[in-house]
Amino acid sequence: MWVVDDPGEVRGVLLDPERFRPDNAVVAHTALSVKALRVLQGVGFALPPTLANNAGASHRPIRAAVARFFSPARVAAVEPLTRRLVSERIAVATGLLAKGPVDLVEVVAAEPPALVLLEMLGVRDVDVPALKAWGRESLELFWGWPDEDRQLELAHSAAEFYAWLRKRVTAARVQPADDLFGVLVGLGLSDEEVCAVAYFLLIAGQETTTQLISAAFHRAVGSVIGDVAELVELVLRESSSVPTWRRVTAEPVALGDVELPAGAPVLLGLSGHGGPADLAFGLGIHRCLGAGLARLETRVALECAGPLLAAVRAVEAEPPMIELLSFRAPARVLVAQRSPGDTRPVS
């Protein structure tokens, strides 16, 4: 895999989907075992080109249909809900701190992005803890390095999620609603196409934001936050939850001083290499539709958590990390109360 870190070259690749195609964007990084594939095939699991992996003619109408759910007006409208959800969890975390260390990822950052996303998409009656587990495990299946035993576990989770999506599509065909599934069915997409859109939208639309908030919390623990919006941009530039993304060359092409053959997989560095914050969300026809929402949710989370973050200390100087090919964030942000002047991490 060819690694491209220079922000200018990354920008050029993202803005040239004809020569640098997204065909490999959601292909499993670690080849799946026969047993794992059989589990997925058992529920008709398929991810035809729709959004992130689509550079064809069908991309534009699908993207336009989904983009309506993330218009600036709709994003602005969910700020009160976001603030309420985060504030409720900050209150819980504050109460728990009197008893001992608290994981801000589990208690605060985990569920609000999912609840906000479901509200925006009009999707009701969802087991949120199950959705969170499906999301984390699907990311590991497609962007991790699981061995065959772990692949089998993850495949069962992905199959369960996909079967749930199939049921939602079937219901939408019987009784269409003005929600994500109803809109996609009304667009004339096949069941497999609707499931493919929903599969990664319901993961990327909330799990990566939980990870971004977690990264921001980790950076802000024990300090007084000045400009919250600037902190969000700093995290996006230096330690985004989506630090890399993939492309594949459609033809022989020169990239900097290197001549790449056709079919060469390319790994783009989106964050941590001196590029602008916007690069963390991609560019061009595949730019993240939820960029505005992720910024808002992270800003609100930091605003609500500011007093708590200033009053606690990190239990772990280096927390365990989610370390996948294209996703990286603290798996937990464990904090404890501190006395005045105490800035040392708990051993």
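Sequence positions, counted from 1, serve as the residue numbers for this chain. Values below: all heavy atoms of this structure, side chains included; hydrogens, waters and symmetry mates excluded.
Using a 4.0 Å cut-off between a side-chain N of Lys or Arg and a carboxylate O of Asp or Glu, D16 and R19 qualify as a salt bridge. Classification of D278 and R287 as a salt-bridged pair holds, one side-chain N sitting under 4.0 Å from a carboxylate O. With respect to the salt-bridge test (charged N to carboxylate O, under 4.0 angstrom), the residues R124 and E119 qualify.
For the side chain to side chain contact (heavy atoms under 4.5 Å, CB included) test with L283, the passing option among L270, V10, V13, L14 is L14; the others fail. Checking each of Y162, Y199, W143 against S138 for a side-chain hydrogen bond (donor to acceptor under 3.5 Å, both in side chains) leaves exactly one that passes, namely Y199.
The shortest side-chain heavy-atom distance between M1 and V266 does not fall under the 4.5 Å cut-off. Side-chain contact check for L279 versus P7: some heavy-atom pair is nearer than 4.5 Å. Side-chain contact between L325 and W145 is present, with at least one heavy-atom pair separated by less than 4.5 Å. Taking the side chain as every heavy atom from C-beta outward, E79 and V300 approach each other to under 4.5 Å. Side-chain contact between V183 and V185 is absent, with no heavy-atom pair separated by less than 4.5 Å. Residues L289 and F281 have side chains not in contact (no heavy-atom distance under 4.5 Å, counting atoms from C-beta outward). Using a 4.5 Å cut-off on side-chain heavy atoms (C-beta onward), L236 and L212 make contact. Proximity of N53 to F200: side-chain heavy atoms (C-beta onward) are nowhere separated by under 4.5 Å.
Counted within 6.0 Å of CG on D178, heavy atoms from surrounding residues, nucleotides or ligands total 12 or fewer; the atom is thus considered open. Around CZ of R219, the count of heavy atoms belonging to other residues, nucleotides or ligands within 6.0 Å exceeds 12.
In this structure, the side chain of R313 engages the main chain of Q337 through a donor-acceptor pair within 3.5 Å. Between the side chain of E233 and the backbone N or O of A277 there is no donor-acceptor pair closer than 3.5 Å. Formation of a donor-acceptor pair under 3.5 Å by the D179 side chain with backbone atoms of G182 is found in this model. Put simply, the side chain of Q206 gets close to the backbone of L202: a donor and an acceptor are under 3.5 Å apart. S240 contributes a side-chain N or O that, together with a main-chain N or O of V242, makes up a donor-acceptor pair within less than 3.5 Å. Here the side chain of R338 pairs a donor or acceptor atom with the backbone of A310 at under 3.5 angstrom. E193 places a side-chain N or O within donor-acceptor distance of the main-chain N or O of S190, the cut-off being under 3.5 Å. The closest donor-acceptor contact from the side chain of S71 to the backbone of R74 lies under 3.5 Å. Here the side chain of S271 pairs a donor or acceptor atom with the backbone of R237 at under 3.5 angstrom. N24 contributes a side-chain N or O that, together with a main-chain N or O of R247, makes up a donor-acceptor pair within less than 3.5 Å.
Among all heavy-atom pairs drawn from T249 and V253, the shortest one is CG2-CG1, 3.6 Å. Closest of all the heavy-atom pairs between G205 and T209 is O-OG1, 4.1 Å. Residues P146 and T30 come closest through the heavy atom pair O-CG2, 3.9 Å. For P113 against T210, the heavy-atom pair with the smallest separation is CG-OG1, 3.5 Å. Here the closest heavy-atom approach between residue P22 and residue A52 is recorded as CB-O, 3.2 Å. For the residue pair A196 and P48, the shortest heavy atom distance occurs at CB-CD, 3.8 Å.
With no hydrogens or angles considered, a side-chain donor-acceptor pair links S326 and T244 at under 3.5 Å. Of the N and O atoms on the side chains of Q211 and S241, not one donor lies less than 3.5 Å from an acceptor on the other residue.
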### Task
May I have the step-by-step check of side-chain contact (heavy atoms from CB on, under 4.5 Å) for L268 and R246, ending in yes or no?
CA-CA 6 Å; L268 305 173; R246 287 179 288 179; over 6 Å; no

### Task
Verify side-chain contact (heavy atoms from CB on, under 4.5 Å) between V78 and M120, making sure each step is shown before the conclusion.
CA-CA 8 Å; V78 297; M120 295 189 74; 3.6 Å; yes

### salt bridge (charged side-chain N to carboxylate O under 4.0 Å, His left out) between E137 and R150, worked out
CA-CA 10 Å; E137 290 162 1; R150 180 59 176 160; 5.0 Å; no

#### Entry: Worked verdict on K35 versus Q151 for side chain to side chain donor-acceptor pair (under 3.5 Å)
CA-CA 9 Å; K35 289 182 179 179; Q151 278 187 12; over 6 Å; no

### Query
Run the salt bridge (charged side-chain N to carboxylate O under 4.0 Å, His left out) check on R168 and D125 step by step: do they pass?
CA-CA 11 Å; R168 300 300 292 241; D125 302 319; 5.6 Å; no

### Query
Given I203 and L201, is the side-chain contact (heavy atoms from CB on, under 4.5 Å) satisfied, shown in steps?
CA-CA 5 Å; I203 296 172; L201 185 59; over 6 Å; no

### Task
Could you go through the salt bridge (charged side-chain N to carboxylate O under 4.0 Å, His left out) check for R173 and D191 one step at a time?
CA-CA 9 Å; R173 293 200 185 281; D191 285 6; 2.6 Å; yes

### Query
Would I285 and L15 count as a side-chain contact (heavy atoms from CB on, under 4.5 Å) if you check the C-alpha gap in whole Å, the side-chain angles of each, and the deciding distance to 0.1 Å?
CA-CA 8 Å; I285 66 171; L15 293 176; over 6 Å; no

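M321 contributes atom CE, which lies 8.0 Å from atom OG of S239 (distance to the nearest 0.5 angstrom). Rounded to the nearest 0.5 angstrom, L180 CG and F69 CZ are separated by 5.5 Å. In this structure, the separation between CG on L152 and CD on E148 is 9.0 Å, given to the nearest 0.5 Å. Here CZ of F161 is found 5.5 Å from CG of L131. Values are rounded to the nearest 0.5 Å. Taking CZ of R21 as the start and CD of E251 as the end, the distance is 10.5 Å to the nearest 0.5 Å. In this structure, L40 CG and L141 CG are separated by 6.5 Å, a value rounded to the nearest 0.5 Å.
Hydrophobic clustering of Ile, Leu, Val, Met, Phe, Trp and Tyr side chains at less than 4.5 Å, counting indirect connections, keeps V235 apart from L296. Hydrophobic cluster membership differs between L154 and V27, with clusters built from Ile, Leu, Val, Met, Phe, Trp and Tyr side chains linked at under 4.5 angstrom.
A ring-centre distance under 6.0 Å is not found for F20 and W245. Side-chain rings of F327 and F142 stay apart, their centers remaining 6.0 Å or farther from each other.
Using the six-membered ring where Trp is involved, H286 and H59 have ring planes that are tilted, between 30° and 60° apart.
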Enumerate donor-acceptor pairs with a distance under 3.5 Å from any side-chain N or O in residues 87-112 to protein atoms, sequence neighbours excluded.
residue	atom	partner	partner atom	Å
S87	OG	R83	O	2.7
E88	OE2	R84	NH1	3.2
R89	NH1	L85	O	3.0
T94	OG1	I90	O	2.8
D103	OD1	V105	N	3.0
D103	OD1	V333	N	3.0

